[in-house]
Amino acid sequence: MNELTLDPDDWSELTTLGHRMLDDSLQQLATVRERPLWQPMPPDVRAYFAPGAPPREGRPLDEVYADFQRFVQPYVLGNVHPRFWGWVIGASSPAGVLAELLAAGLNVNVFGANESGAALEAQVISWLTNAFGLPAEATGLFVSSGSMANVVALTVARDARAGFDVVEEGLAGQTPLVVYCSRETHNSVDKAAGMLGIGRKQLRKIPTDAEYRIDLEALRRAIAEDRAAGRKPFCVVANCGTVNTGAIDDLGAIRGIADEEKLWMHVDGAIGAVLRLSPRLAPLTAGLESADSIAFDLHKWMNMPYDVAGVVVRSRETQSRSFSPAASYLTTFEDGIAAGRHIPSRLGPDLSRGFRALKVWMTIQTYGLDRFAAIIEKNMEQARYAGEIIEREPKLELLAPAPTNVICFRYRRDGLGDEQLDALNHRVLIEVQKAGIAAPSSTVLQGRYALRIAIVNQRTLREDVELALSEIVRIGDGL
Ligand SMILES: *Cc1c(COP(=O)(O)O)cnc(C)c1O
């Protein structure tokens with residue numbers, strides 16, 4: 001019988017290499033400003049990643065690490081850079097990097113045993129339900145993404161409010177269930193409607209007002225029409241920070257409608273739920289505390305390392321009903337390793353789960369929620385400042401109101417029509433990205449192409465905003 005393991009004969013050699021990796025990794029962060037934000041993969045790098053047969057034999061880790069340094073590290077997305085503002089992507093933090101390292105060393109499966117990882121996750125979830133203003137009996141868990149958080153929350157909503165036993169009976173032959181949200185809602189909600197058997201046709205996309213918030217009268221009308229047609233409205237998804245423009249729906253008013261209509265109110269707070277952490281900004285999220293469930297992302301505005309998001313639900317009973325089928329091999333006991341109290345695997349779809357909670361716990365302990373709140377306030381100020389520069393600069397123009405941290409704008413030139421400006425701005429976007437200077441992304445608002453920056457980056461300074469906007473003007477002038 002062979003006695004192979006994956007451990008080295010010589011731990012000291014591995015330890016030396018490990019130290020070098022850690023030093024290099026932190027050094028990359030320390031010097032991030034000195035490198036271009038992004039660069040495309042040259043042909044030899046693309047060729048290196050060609051699909052093919054897997055290696056049957058191993059080779060020394062230091063060689064593999066050299067390949068990592070040559071082919072992987074220089075060509076990643078670039079979101080640790082201070083001028084990365086595309087989509088909604090966080091930059092992470094040094095304490096977060098170290099927490100990931102420690103979590104990897106422990107390699108604990110946080111499915112919910114009698115162990116410190118699950119206890120820690122329960123504690124951190126309680127910090128967050130507390131910060132969001134939910135009652136003490138609220139519960140939740142960490143998941144991979146805001147998208148998964150929406151899936152988990154909509155599963156619970158469906159099972160709690162369908163009016164029949166979806167978990168046991170399924171949806172076949174039942175009255176169609178309808179969920180409401182604004183047209184600005186993130187497409188992870190469309191995905192969830194499909195995955196959960198609700199059907200995208202039963203996802204009502206309600207028009208928005210001039211501020212891109214859900215039109216409440218249109219919402220009421222849509223609910224009435226569905227009832228009249230014999231369908232079953234069960235849930236409304238409210239936005240706390242839309243991806244296009246950062247708009248926040250009137251959460252208090254939506255709560256009122258949900259109560260009248262006996263609907264579940266879910267808040268997609270992937271971007272904006274954490275505004276609640278700042279006493280100054282918390283009023284923007286008024287009504288968040290009345291949600292039945294909240295999805296929030298920690299790898300975005302909380303700058304925690306990918307990936308970590310969370311979902312919290314007002315009532316533990318409702319959440320566990322969707323995710324706790326009996327299984328003899330998962331029985332909990334009064335003592336021993338299986339005597340878990342907080343059991344995340346009964347609150348969501350994953351059984352085996354990593355220790356995402358450690359980086360949440362460690363970064364919140366290290367920086368304190370006040371520091372996170374100050375970063376969020378800083379980014380809000382930077383977005384406002386970007387808006388001011390754009391309004392002052394005749395060659396730039398805002399394309400939407402910017403109530404939070406998302407700015408949509410375009411480069412303009414007299415004599416060009418909308419369609420020509422759309423094409424020109426697309427070229428501006430590509431050139432700015434290829435220059436490695438800054439990373440805006442794009443969207444389309446009322447048919448018009450917009451450059452879009454969403455500042456959730458803890459590393460961003462005021463001068464980064466100034467530089468990026470002046471470079472956009474310079475690049476636009478050159479096209
Ligand atoms: C990013 C985002 C999501 C999805 O979150 P992921 O973590 O990227 O899966 C959902 N809703 C909104 C409003 C978002 O901005």
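Remember, it's 1-based here, ligands and their atoms both numbered in the order they're listed.
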Quick one: look at Ser188 and ligand 1, take heavy-atom pairs under 4.0 Å, and tell me if it's side chain, backbone, both or neither.
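Within the 4.0 Å criterion, Ser188 contacts ligand 1 through side-chain atoms alone.
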
Do [X] and [Y] have a side chain donor and acceptor closer than 3.5 Å?
X: Thr443; Y: Asn244; answer: yes
X: Tyr180; Y: Asp226; answer: yes
X: Ser322; Y: Asp159; answer: yes
X: Asn303; Y: Ser92; answer: no

Is there a polar contact between ligand 1 and Asp268, counting only N or O atoms under 3.5 Å apart?
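By distance alone, the answer is yes.
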
Evaluate Thr242 for polar contact with ligand 1, using N/O atom pairs at a separation under 3.5 Å.
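The answer is no, given that Thr242 and ligand 1 share no N or O pair closer than 3.5 Å.
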
Which residue holds the protein heavy atom closest to [atom], what is that atom called, and what is the gap in Å?
atom: atom 9 (O) of ligand 1; result: Ser147 OG, 2.6 Å
atom: atom 15 (O) of ligand 1; result: Lys300 NZ, 2.9 Å
atom: atom 5 (O) of ligand 1; result: Asp297 OD2, 3.0 Å
atom: atom 6 (P) of ligand 1; result: Gly146 N, 3.4 Å

Any salt bridge linking [X] with [Y]? Criterion: basic side-chain nitrogen under 4.0 Å from a carboxylate oxygen.
X: Arg427; Y: Glu431; result: no
X: Glu225; Y: Arg221; result: no
X: Asp190; Y: Lys205; result: yes

Does any pair with a residue in residues 431-451 pass ring-ring contact (aromatic ring centres under 6.0 Å, His included), and if so which ones, sequence neighbours excluded?
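Every ring-ring contact (aromatic ring centres under 6.0 Å, His included) pair that includes a residue of residues 431-451, provided the two are not neighbours, is His426-Tyr449.
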
Short list, please: which atoms of ligand 1 are under 4.0 Å from a heavy atom of [X]?
X: Ala270; answer: 2 (C), 3 (C), 10 (C), 11 (N), 12 (C), 14 (C)
X: Gly241; answer: 13 (C)
X: Ile271; answer: 15 (O)

Can Ala309 be said to touch ligand 1, with heavy atoms closer than 4.0 Å?
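The answer is no, since Ala309 has no heavy atom less than 4.0 Å from ligand 1.
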
Ligand 1 contact by Met148, heavy-atom criterion under 4.0 angstrom
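Contact check Met148 vs ligand 1: negative.
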
